[in-house]
Every structure is written in structure tokens, then in C-alpha cells.
Protein chains: 2
Amino acid sequence: MSTIKDVAEAAGVSIATVSRALHGLPRVSEATRQRVLTIAADLQYVASPSAAGLASGQTMAVGVVAPFINRWFFAAVVHSAEELLRAAGYDLLLYSLGTDADERRRAFSGNVLRKRVDAVLVLGLQPTPEEVAALSSAGGPVAIVGVAVPGWASVRIDDEAAARTAVRHLVDLGHRRIGYIGGEPHDPLHSAAPADRLRGYREELRAAGIAPDQQLEAVGGFTVRGGMDAMDALLALADPPTAVFAASDEMAMAAIHVARRTGMQVPGDISVIGIDNQEMSELFDLTTVAQPVDAQGVLAAELLLGALSEPNRPRPSVTVPTSLIVRGSTAPL
Amino acid sequence: MSTIKDVAEAAGVSIATVSRALHGLPRVSEATRQRVLTIAADLQYVASPSAAGLASGQTMAVGVVAPFINRWFFAAVVHSAEELLRAAGYDLLLYSLGTDADERRRAFSGNVLRKRVDAVLVLGLQPTPEEVAALSSAGGPVAIVGVAVPGWASVRIDDEAAARTAVRHLVDLGHRRIGYIGGEPHDPLHSAAPADRLRGYREELRAAGIAPDQQLEAVGGFTVRGGMDAMDALLALADPPTAVFAASDEMAMAAIHVARRTGMQVPGDISVIGIDNQEMSELFDLTTVAQPVDAQGVLAAELLLGALSEPNRPRPSVTVPTSLIVRGSTAPL
DNA sequence: CTGAAAGCGCTTACAG
DNA sequence: CTGAAAGCGCTTACAG
């Protein structure tokens, strides 16, 4: 495990020169730089991140804060953001919060992240004003995916518009009794998307002259299990819906499964539409509103890297477009 | 952003005493300890990981090396391992390798991880002997999920046995012409499971007196897209299979979709079985060999923490059981 | 029980 | 173009 001193001795220069050469700084002769580079490679020298971080004040790490890493959207975004971040020399520190409020407080307190990372990427969480203040005071730039936060760079889809697109599609097919499968009413994670999607659902119904009916709004919690339970509840209604809009593809697929298990035809007896367009959706022949997930990860990484290199640059708020993908799970009433 | 000096001054003690008090070390009076703790909390003091790491030689971080973080198995294992690791005070550094050979070499070189993390958790990769040597020489303990490596703690299922269970189920139903959908023949990631599952498939066929037929072995690459293509190929055979064993649920679901799209009934015309038992599988009424994914993540974390606290303890190799889950995608010939 | 001091391995003005 | 030296914020023997 060689240190900078080993490299310096082998090269016959000071450790300061080694440091400069390795960082591509000026004030090192080309000949010296080459010699140092060669020797460093020979010795398999890698600077100690702890020492470099202590001396420079930079950790060269980015914290990724998400509710769950094992959910399609978050995993996909992290995956596509990682490549850029790593190429820029940053390591990724993972903080998946689960539903633990304490864990969340810790991650957002700023004190933990402040000394560990240079920047933070927040996924799918709606931070409270206190959390925004705490994380912002940590000093480093923050980028957030899924919701716009003043002062932070953000990337998201227009959740309300996406929901309206989905409902509009069902309305256009002649449906009037349209169910909704969404998130928890009191989401401990304060995710942003669910509330916007619910609002979009209601708005588009109203725009079509349909009065929203609370009975038609079921809780799916963005899980397969929850989606099944929600669909069970909707089908048990005295006056069940003829179409269902689920706020995620996973819940939509669960809904289709439940409908079929009950002996109903999809879309013959009931139409189902989701949001996401994930890999599996094609297998269910699911009509859905597609959101570009790779693009969101890449954009978030780019915004973060931009903020890191130009701290005073304004922090953009980017909205990426969604698009209706009509497959076979929806049909005219 | 308070430092240990701020705490020391406020408490009227030396920084050495603050450090001891905060770490729960002996040789600090209870009264002093309490005072320091209170003041540290007031000041929201958190020790700088860089400084602590440089001084102590411990990073309090664990590196997670996996091919893809956005695949069901890896995401689920990371998720369940994270909780324990974090509770023990370790941060998680994510290294997802993709298919980039250079990136893989870097992660496995030992030099990168050595100075960044105290231990490494490898997921679903079959390291070469050189990689084992390199990572082992880094000094810290390594745990690996998905394959046994001498000298490393490991957690896995018996992939060959799981495959045999799946094939045996089909054979018991009377099938003789059984297709296989598996990984790439020349997997750049050297994943371990695919080869073992293929071997199990062939072995069980032989045990049933059936000669393996290369034509029935299709490449699905563990993706939905690949699974669909593989099934297309199998169904296009002059003498197509009456049953298909896919090495993952995702590929199995893709196979079912393709069969149905072709107008076939599942399981009426063709039976399909997978491995995993992930959340979605119930939606496809998929018969599968279940593997306990949470347990694997938890066990891997425990083995790693155990090795961290007792470096000389032997490194166990744990095999967790799989079980056949019979649903509705398989039927007698 | 407590403190002074060395040292961890770098980066970065400052001199030359 | 290069080096000596200070300093980053801790931990940890060593004294007392």
C-alpha cells in the first residue's frame, strides 16, 4: 500500500511535486510529470481519500438519498446517474431511508452528509422546509429528482399532467366511472409524486364534467401487494369502476391480475392504465404514460456536476416530457 | 460546522478526552462523559470521517460491488444488507460495474477499495483467481453473495440444485422436451449462477433419461427483452419444447408473454417455470423455485460485520434453501 | 481520570 | 519549475 512518499522517493522529487503532477496542475515540467506518472502507476499508487479529503476539504463523493433502492424507479435513476458521477471521479454513498423517520432525520440533518460528501442527490422525496434548510446549510449543491425545490437543481416529470393524460385517455374511450389506485394518504416519506398524481386525476375528471368520488380512490402504496388489495376494494364496490388509473405500472399490473383472477376480461370488462412504462409493462400489454427514467438520472447527475464545478451558476429546474403508450389494457367502454 | 476543538473548549476538556468520551472508551469519568455528550449534541458535532479515517485507519464504510444495481436480485440484497451495515455504523459505497471491463478491473484491483472502505460486499459476480487475490490482498474482509469463494465469507443458494428442482417438477408432470432460457454463453461479468443453473438443467435431464439438446438451450441474458427473444427462438424450433425452464422469473414472465402472444395457452400448450419468486411472479401465476433474497442480504451483512469484529474468525460459506412454489404456469403434459 | 503530543497522508499557499 | 512547511481534524499511545 504505497503512499505519496514512496512515489516521491522513487521519483527523486518532493511529495508536493508528486501531488501536482498527479493532479495535472501547472508548475511541473513535462519530464517530471511523466516520470511521476509512470512511477505512480508502477507502484499502483492511489491517494488516500481520507488524507486528500482532510487536506483539500473535498470528499469526491456524492450522497444518494432515496426511500428505497429496491424499487424500479429509484434503482433505475441511481443506475443511470452513477455512470456520469463515477466518470467525474465521484464515489456514490447510498442512503436508503426505508420508512424509518429517525433515519430520515439523520440523513437530512446535514451534519452527517456535510462531512461525508460534496453533494447530495435526493430521489423521490418531498423534503419539509426544515429539511431543505438543513441540507442546504450543509453547503454543497443538492439535486432532487421527482419534485421541484427552490434553490435546488431538480429533474422531474409533470406528475399532474401525466395523471391527466392517463385519465384523459380513459375519458376519451368513453369511461366515466374511473377508479384510482395511488399512494398512502399519510405517506411517512412525504413522497411528492402521489399527491400530484391524485390531483391530476381529480382535475381531469372535473374537466370532463365528472365529479370525483372518494370511493373510487384506493390506496395501493406503490407496491404489488398494495395494488392487489386496492383493486380488490374497487371491484367490491356496489358500483365498481369500468376503468382504473394506477399511479404506477406495478400497481396497474397488480390490478390487471386481480381483475383477471376475478374472472373479468382486461380490457373487455375493465380498462387499466398506469404510469412508468417499465420493462415489465410490455409483458402485461399495459397501456401507460411513459416517463424517461434514464434521462432523469443522467440530467440529475449533470446538474449536480455543473453545480459542483460552478457553485454560483443558477440551479435549473428541468421537467422531462411523458408520453402516452397505448397498448392493449385499455378499450372503449 | 463544529470540530472536536469546539466541543473540547465548550466542555473545558482536551480533545483527547472528547474523543474518548464520544467513543465510549474507558478512562473518562462518567460526569465528564455526560457533559461532553451533551455539549456535542448541542453543537450537532459529528466527527469528520476523513480525519477520523486518516487517524484511525478505519473508514467505517463498506464497498458494495455489483454488476447492476437496477436488477431485482441485487437491489433487494443491497436493500436488506444496508440496514444492518448502517446500524453498525458503516456507510455504503456503491460500485455498480455495468458491463465495462475496465470499471470491473478498477473495482477489483484492490487499490481503489483498499483506502476507501474497510470491507467489501460482492454481489453476483464470479471473480477470477487474480481478482480474488487482488481483493484479498487489500486486507479487509470480503463477503460474496451468489457463489462460494475460498477465504471469503459467502452466501448463496445451491443454483444447480434449484435448477434441478425446476426441471424435476417439469419431468414429474410428464414433460420430456424441456427448453432452457439462461444467460449469455460468454458472460463478460462472469456471473456465477447462470453456469450452475445450466449444469443443473442438463444434469436433471440426464437423471430422467433425457439427452440434453443444445437446440433447446436459448440465451435470455437475464433481461425481459432477452427472455422474449429466447422464447421466440424456442417456439420457432421444428420440434419446440412442451415446457420451458427460465433461469430467472423475469425471463420466465417474458416467455409466458411471448407464448400467449403467439396464441398458445400457458400452461395448456406449454408450461413455464422460473427461479426467484419475486414480487411480480404472483401476478403471472408463475410456478417458480423461490430463493430467500432478504435472508441472503442479511446473512451477508452479518458475516461481514462478524469478520470485521473478529478478523481471525473462520469465514463461513452459507447456503440458504430454495423451495418449489407451484402456481398455475405449469401443468401435466 | 486527563492532557500534551505525535502522527495519519495528503494539499496548498509561500518562497525561492 | 520545485521544495519546505503548515495545516486539515482526528485517534492513540505515552506520561502523569
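Just so we're on the same page: letters track the sequence lines, and every chain starts at 1. Not measured: the values here are computed from a predicted model.
- Residue pairs meeting the salt bridge (charged side-chain N to carboxylate O under 4.0 Å, His left out) criterion with at least one partner in residues 33-56 of chain A, sequence neighbours excluded, are A/Glu30-A/Arg33.
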Give every donor-acceptor pair under 3.5 Å between a side-chain atom in residues 117-125 of chain A and any protein atom, sequence neighbours left out.
from: A/Asp118; atom 1: OD1; to: A/Thr59; atom 2: N; distance (Å): 2.8
from: A/Asp118; atom 1: OD1; to: A/Thr59; atom 2: OG1; distance (Å): 3.0
from: A/Asp118; atom 1: OD2; to: A/Thr59; atom 2: N; distance (Å): 3.2
from: A/Asp118; atom 1: OD2; to: A/Met60; atom 2: N; distance (Å): 2.7

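- Evaluation of the side chain to side chain contact (heavy atoms under 4.5 Å, CB included) rule for B/Leu303 yields B/Ala153, B/Val155, B/Pro316, B/Val318 as partners, not counting sequence neighbours.
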Original post:
For every nucleotide of nucleotides 2-10 of chain D, 5' to 3': is a protein heavy atom under 4.0 Å from its base (B), only from its sugar-phosphate (S), or from neither (-)?
Top reply: BBB--BBBB
Under 3.5 Å, which donor-acceptor pairs do the side chains of residues 75-85 of chain B form with other protein atoms, sequence neighbours left out?
from: B/Ser80; atom 1: OG; to: B/Ala76; atom 2: O; distance (Å): 3.2
from: B/Ser80; atom 1: OG; to: B/Val77; atom 2: O; distance (Å): 3.2
from: B/Ser80; atom 1: OG; to: B/Asp294; atom 2: O; distance (Å): 3.3
from: B/Glu82; atom 1: OE1; to: A/Ser96; atom 2: N; distance (Å): 3.4
from: B/Glu82; atom 1: OE1; to: A/Ser96; atom 2: OG; distance (Å): 2.4
from: B/Glu82; atom 1: OE2; to: A/Ser96; atom 2: N; distance (Å): 2.9
from: B/Glu82; atom 1: OE2; to: B/Arg86; atom 2: NE; distance (Å): 3.2
from: B/Glu82; atom 1: OE2; to: B/Arg86; atom 2: NH2; distance (Å): 2.9

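- Applying the side chain to side chain donor-acceptor pair (under 3.5 Å) test to pairs two or more places apart or on separate chains, those with a residue in residues 305-315 of chain B are B/Glu310-B/Arg313.
- In this view, A/Ala195 satisfies the side chain to side chain contact (heavy atoms under 4.5 Å, CB included) rule with no residue, not counting sequence neighbours.
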Sequence neighbours left out, cut at 3.5 Å: what donor-acceptor pairs do the side chains of residues 13-24 of chain A make with other protein atoms?
from: A/Ser14; atom 1: OG; to: A/Ala16; atom 2: N; distance (Å): 3.4
from: A/Ser14; atom 1: OG; to: A/Thr17; atom 2: N; distance (Å): 3.3
from: A/Ser14; atom 1: OG; to: A/Thr17; atom 2: OG1; distance (Å): 3.3
from: A/His23; atom 1: ND1; to: A/Ser19; atom 2: O; distance (Å): 2.8

**OP:** With pairs defined as Watson-Crick or G-U wobble and both distances under 3.5 angstrom, please note down DNA chain C as a dot-bracket string, | for pairing with another strand.
**Re:** |||.||||||||.|||
